[in-house]
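These notes concern the structure reproduced below.
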2 protein chains.
Amino acid sequence: MNDVRNREGGVLTKAQPIARVTLHEELVARLRDLIVEGELAPDVRVPERTLCERFGVSRTPLREALKVLASEGLLDLLPNRGATVSRLTQADLDEMFPVMGALEALAGELACTRITDEQIAEVRALHYQMVLHYTRKELPQYFRLNQRIHEAIMDAAGNATLTRMYQGLAGRIRRARYLANMSKARWDQAVEEHEAILSALAQRDAARLGRILKQHLQNKGETVKESLAADGDRLSRTA
Amino acid sequence: MNDVRNREGGVLTKAQPIARVTLHEELVARLRDLIVEGELAPDVRVPERTLCERFGVSRTPLREALKVLASEGLLDLLPNRGATVSRLTQADLDEMFPVMGALEALAGELACTRITDEQIAEVRALHYQMVLHYTRKELPQYFRLNQRIHEAIMDAAGNATLTRMYQGLAGRIRRARYLANMSKARWDQAVEEHEAILSALAQRDAARLGRILKQHLQNKGETVKESLAADGDRLSRTA
DNA sequence: CCGTAGCAGTTTGCATACAAAATGCAAGGT
DNA sequence: ACCTTGCATTTTGTATGCAAACTGCTACGG
């Protein structure tokens, strides 16, 4: 599919469009990474000039990138006073997790109606790999697999609009999750919930999967909250 | 609250920050209106120069605004080939209404847990005013009140993150609703659903309100779909 | 001693300038 | 007649320049 016929009737498989990325596009991606990974601290003014030198570009594309990131909520732009990484407060997180819950619950419900057996098998594979990391107490790998499972369900939902909103929110939350740890009890609970997620998905039980995911996200929120409370607020002081 | 004490102990009510709006900010708002109201047709290239002359600004702030609107999904930006208003396809709408349903359902549930009697009274007032317009078959006024009711519930939910995502999606959907009409049966049904919404909200029955709103949005989606099917696809050819 | 005013340096907002890419058209070839 | 090719024009992407706003410091006055 997606082939094209030229005049003589010969078939030309449509080539991948050459990836020509404009500077501002690239800058948006790079800056987003810097912010998510905490390299740029919240509330610290980052002069445009500094960033320009860092990336070797002029101010014009950089400013375009800043505007985009501000509209995504990662930066705050004060007129005539430049950009700061927006601080993620506890209140922000309290707001974000319920929204994530609603989006993921919808994704789960939609996924149940259209997921293929192959896709379920893939989620199952990811799941068991994740459980393996759990038994080995490998938290970073666990997180990575965890994220991939949620993304796989999101993909199976087949709703690009939903995915976009999910990714936007997930990107902001990830900043917090970078710092968060997990108590043993929470980790046990999360894995149990993932067992239930897999089971509901395999049975294509939309209502149940929706409920579980909503609860799962609420618990994730609690986990992050506990972790931050324990740590002291590292979100503020990360260099 | 939010007052500030100066050195002598006198109270200074914190004044509204002077609205100094930068050009690109203003441009984002104005362009958004042009797009939502259909003044700029989908898929038509709009050269930057034209817009610059229209607004009397240079290309720099205009381009910053274009990047933001593109990140909101209202524009498509093709490298070296400028901006076009993104076409709202039937498939897009099919994706958007379920997401709206999930967001509004969450808003309803949250609202039930924190809404005050005064806020309920206000929603009730809006509701009866809306019903009045319904009995008089005043569709535009009906739409306006309808929108305000949904926004009032959103406000009552007290979740700024949720509100932002809702507004973003609502802005895009509104483009379609501008053109949509309603059959008598659909209109009757919508008003009935709004009665149920008011009732559930007044009883602060979160679960029920959530279910009703989700269904309500699904029906709205069906209504728009029918309307577009009847009209032929006006979204494509609006001048 | 504290507080304010004024000034130099910095930073931002916007306009303009220039290079690369795309578009449209006309001339030439098949 | 159609398709290709090359060139002039338009449009976009990025860099630079300039004026206005902000920042921090010093000096002056109470």
How long is the line joining CD of B:E48 and C1' of D:dG13, in whole Å? 9 Å
Using only atom types and a distance under 3.5 Å, with no angle test, would you say the side chain of A:D155 pairs donor to acceptor with the backbone of A:A152? no
B:H24 side chain N/O closer than 4.0 Å to the phosphate oxygens (OP1, OP2) of C:dC14? yes
Send over the distance from B:L51 CG to C:dC14 P, rounded to a whole Å. 16 Å
A:Q141 and A:H133: side chain donor to acceptor below 3.5 Å: no
Of the listed nucleotides D:dT16, C:dA15, C:dG13, the one nearest the side chain of A:S58: D:dT16
Taking only side-chain nitrogens and oxygens of A:T60, does any of them come within less than 4.0 Å of OP1 or OP2 of D:dT14? no
Between C1' on D:dA21 and CZ on A:R81, what's the gap in Å once rounded to a whole number? 10 Å
Would you say A:R63 places a side-chain N or O within less than 4.0 Å of OP1 or OP2 belonging to C:dG13? yes
Looking only at the side chain of A:N80 (C-beta and beyond, no hydrogens), which of the listed nucleotides C:dA15, D:dT14, C:dG13 gets closest? C:dG13
For DNA chain D, whose closest nucleotide is more 5', that of B:G82 or that of A:P61? B:G82
Spacing of A:L78 atom CG relative to C:dT11 atom P, expressed in whole Å: 16 Å
Among D:dA15, D:dT12, D:dC22, which nucleotide has an atom closest to any side-chain atom of B:R59? D:dT12
Is there a salt bridge (charged side-chain N to carboxylate O under 4.0 Å, His left out) between A:R54 and A:E39? Walk through the geometry before answering. CA-CA 13 Å; A:R54 177 162 191 170; A:E39 182 126 358; 3.0 Å; yes
What is the distance, to the nearest angstrom, from the CD atom on B:E53 to the C1' atom on C:dA15? 15 Å
Give a yes/no answer on whether the side chain of A:R49 brings an N or O atom under 4.0 Å of OP1 or OP2 in C:dT12. no
Presence of A:R45 side-chain N/O under 4.0 Å of D:dT23 phosphate oxygens OP1/OP2: yes
Looking at every heavy atom in both B:G73 and B:S86, which two are closest together, and how far apart are they? O-OG, 2.9 Å
Tell me the interatomic distance from A:L62, atom CG, to C:dG13, atom P, rounded to whole angstroms. 11 Å
Nucleotide D:dG13, atom C1' - distance to CD of A:E26 in whole Å: 15 Å
Figure out the CG/C1' separation between A:L75 and C:dT12, and round it to whole Å. 15 Å
Note: A:P98 and B:L106 closest approach over all heavy atoms is O-CD2, 3.5 Å
